[in-house]
Number of protein chains: 2
Amino acid sequence: MTHNTAPPDELTFWSFVDYAVHKAERELPSVNAEAMRMILTLNRATSMVVYDLESSVHRPRGWTWPGFRVLFALWLAGPMEAKTTAQISGMSRAALSALLNTLERDGLLSRERATHDRRALQLSLTEAGYGAILGVFRAHNRRESAWAEALEPEERRELVRLLNKLMAGSTDAQAKFRN
Amino acid sequence: MTHNTAPPDELTFWSFVDYAVHKAERELPSVNAEAMRMILTLNRATSMVVYDLESSVHRPRGWTWPGFRVLFALWLAGPMEAKTTAQISGMSRAALSALLNTLERDGLLSRERATHDRRALQLSLTEAGYGAILGVFRAHNRRESAWAEALEPEERRELVRLLNKLMAGSTDAQAKFRN
DNA sequence: TCAGATTCATCAAACATTTGATCATTTGGG
DNA sequence: CCCAAATGATCAAATGTTTGATGAATCTGA
């Protein structure tokens, strides 16, 4: 660092955003500080929400966040091919393959060869899996509600609108998507 | 599912948000759909941004997202105790311990026992680490800029404001934070 | 029809993360 | 002063993720 400004005494996960943006602006004049702040804030906010949900809802019930995502998709969209499950729950096919070992072992879902294409895999919730996702989702949604109360209804809609616009713009940005 | 509505043919990572919220509303009348939509959208948007950054910037350079976060913190805040690094880069002390093995092996940072407390660890970037983070951050920031262009300047500020408000409200929500 | 290309799933190795245990050092109270 | 409690770091085992390779089934075009 050219100008070695000491960091404030208590630098936290959250206050680091402000600190980092200002520091980067001073050190690297070419930086796009607006963009940096937006992406950094987005990541930190999401990280806090996920940490809370995972540690207060999922882990205590012996679940993981990725496991929840798979069971959630299967609960809402019904039995489907593994390829689709990977798509809509946001993971690679290889990652899902590994994850399925745990979920199947725990008796939450079943893997079956598809009849129309013997390469493909058909996934479906077991009875136990169906009962479990119902209860876990209720707890999950209660925590979501607690988070949502931080904003006014109008603000929540605006946040969703802005995030949707961000995603819609990702094609222009030539963003990389999962296969 | 009580009403077995077939999912639309092409259910994608992104379109699943809408599908899931509507379906959950029908199946589970007690659901807080607003909250569900907000958190789901937040997670998916962030996930897309992170996937793009990691796969187009970090992985091709042999870096990982968590490794970048650590080097980034160290670059901006300067040498510091490992405990602080874990705090501001958002990981547990145990996770950082494991991550340091890789980063140290790759010659990007150095671990030293702190002089004032021989239990504590002092972390600092090596010359190589300093040079590397500079280059990687530049590329990282260019991708951030591309994402940011999806929104108008005023919208970017509003998004940041809303996310900050969400975080500020997390104390009221009794959210769980990392130790 | 059949051989090459494509698609689906899994495996392997490296990496990162979680919880809970262990070990070393420091601190604080009697 | 000294021992118990607290603190900092690491380890161990289980889980999940990435990239790249492999094997099986399906498709395609000559």
Side-chain angles (χ1 to χ4, degrees), chain A residues 13 47 50-71 80-87 89-106 108-123 176-179, chain B residues 13 47 50-71 80-87 89-106 108-123 176-179:
Chain A
F13 183 64
S47 166
V50 170
Y51 183 80
D52 172 57
L53 286 167
E54 184 155 27
S55 67
S56 70
V57 175
H58 302 297
R59 294 269 178 195
R61 289 168 173 79
W63 284 29
T64 62
W65 178 260
F68 171 72
R69 274 170 20 222
V70 166
L71 297 167
M80 65 185 124
E81 288 192 14
K83 191 185 181 181
T84 312
T85 311
Q87 293 266 345
S89 58
M91 56 187 65
S92 72
R93 192 57 195 77
L96 178 61
S97 225
L99 189 46
L100 289 178
N101 293 329
T102 319
L103 298 175
E104 194 179 24
R105 185 205 59 196
D106 294 348
L108 298 168
L109 55 75
S110 72
R111 275 200 259 222
E112 286 170 11
R113 226 71 224 186
T115 50
H116 61 292
D117 184 338
R118 283 177 312 174
R119 287 170 306 182
L121 219 58
Q122 184 77 7
L123 303 182
K176 276 209 165 196
F177 302 116
R178 210 179 287 277
N179 303 331
Chain B
F13 184 63
S47 167
V50 169
Y51 184 80
D52 172 57
L53 285 168
E54 185 156 26
S55 68
S56 71
V57 175
H58 302 297
R59 295 268 178 195
R61 288 168 174 80
W63 284 29
T64 62
W65 178 259
F68 170 73
R69 272 167 25 220
V70 166
L71 297 168
M80 64 185 124
E81 290 192 13
K83 191 184 180 181
T84 311
T85 310
Q87 292 268 343
S89 57
M91 56 187 65
S92 73
R93 192 58 194 76
L96 179 60
S97 227
L99 189 46
L100 289 178
N101 293 329
T102 318
L103 298 175
E104 194 179 24
R105 184 206 59 195
D106 293 346
L108 298 168
L109 56 74
S110 72
R111 274 200 261 222
E112 287 170 9
R113 227 71 224 186
T115 50
H116 62 292
D117 184 338
R118 283 177 311 172
R119 288 170 306 183
L121 219 57
Q122 185 76 8
L123 303 181
K176 276 209 164 194
F177 302 116
R178 212 178 286 276
N179 304 332

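These numbers were taken from a predicted model, which means no experiment stands behind them. Proteins come first, then strands; the chains are lettered A, B, ... in the order of their sequence lines, and each starts at number 1.
Here salt bridge (charged side-chain N to carboxylate O under 4.0 Å, His left out) pairs that include residues 108-117 of chain B, with residues two or more places apart or in two chains, are B/Glu104-B/Arg111, B/Asp117-B/Arg119.
In this view, B/Tyr51 satisfies the ring pair (Phe, Tyr, Trp, His ring centres under 6.0 Å) rule with no residue, not counting sequence neighbours. Take B/Arg59 and apply the side chain to side chain contact (heavy atoms under 4.5 Å, CB included) test, not counting sequence neighbours, and it matches B/Glu54, B/Thr64. Residues that satisfy the side chain to side chain donor-acceptor pair (under 3.5 Å) test with B/Ser55, not counting sequence neighbours, are absent from this structure. Evaluation of the ring pair (Phe, Tyr, Trp, His ring centres under 6.0 Å) rule for A/Phe13 yields no partner, not counting sequence neighbours. Legend: residues meeting salt bridge (charged side-chain N to carboxylate O under 4.0 Å, His left out) with A/Asp106, ordered by chain and number and at least two apart, are absent. Remark: A/Ser92 engages no residue in a side chain to side chain donor-acceptor pair (under 3.5 Å) (not counting sequence neighbours). For the side chain to side chain contact (heavy atoms under 4.5 Å, CB included) test, residues two or more places apart in sequence or in another chain that qualify with B/Ala114 are B/His116, B/Ala120.
Within the 3.5 Å criterion, the main-chain N or O of B/Asp52 finds a donor-acceptor partner in the side chain of B/Ser56.
Between B/Trp63 and B/His58, the angle of the ring planes stays under 30°, which puts this pair in the parallel group of the 30/60° scheme.
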In B/S/- notation (B base, S sugar-phosphate only, - none; protein heavy atoms under 4.0 Å), nucleotides 10-20 of chain D written 5' to 3' is BB---SSBBB-
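In this model, the phosphate group of D/dT26 is approached by a side-chain N or O of A/Arg118 to a distance below 4.0 Å at OP1 or OP2.
Where DNA chain C meets chain B (any atom under 4.0 Å from a heavy atom), the bounding nucleotides read 5' to 3' are C/dC15 to C/dT26.
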Atom pairs under 3.5 Å, N or O on each side, protein against nucleotides 5-7 of chain D: can you list them with distances?
residue : atom : partner  : partner atom : Å
D/dT7   : O2   : B/Arg119 : NH1          : 2.6

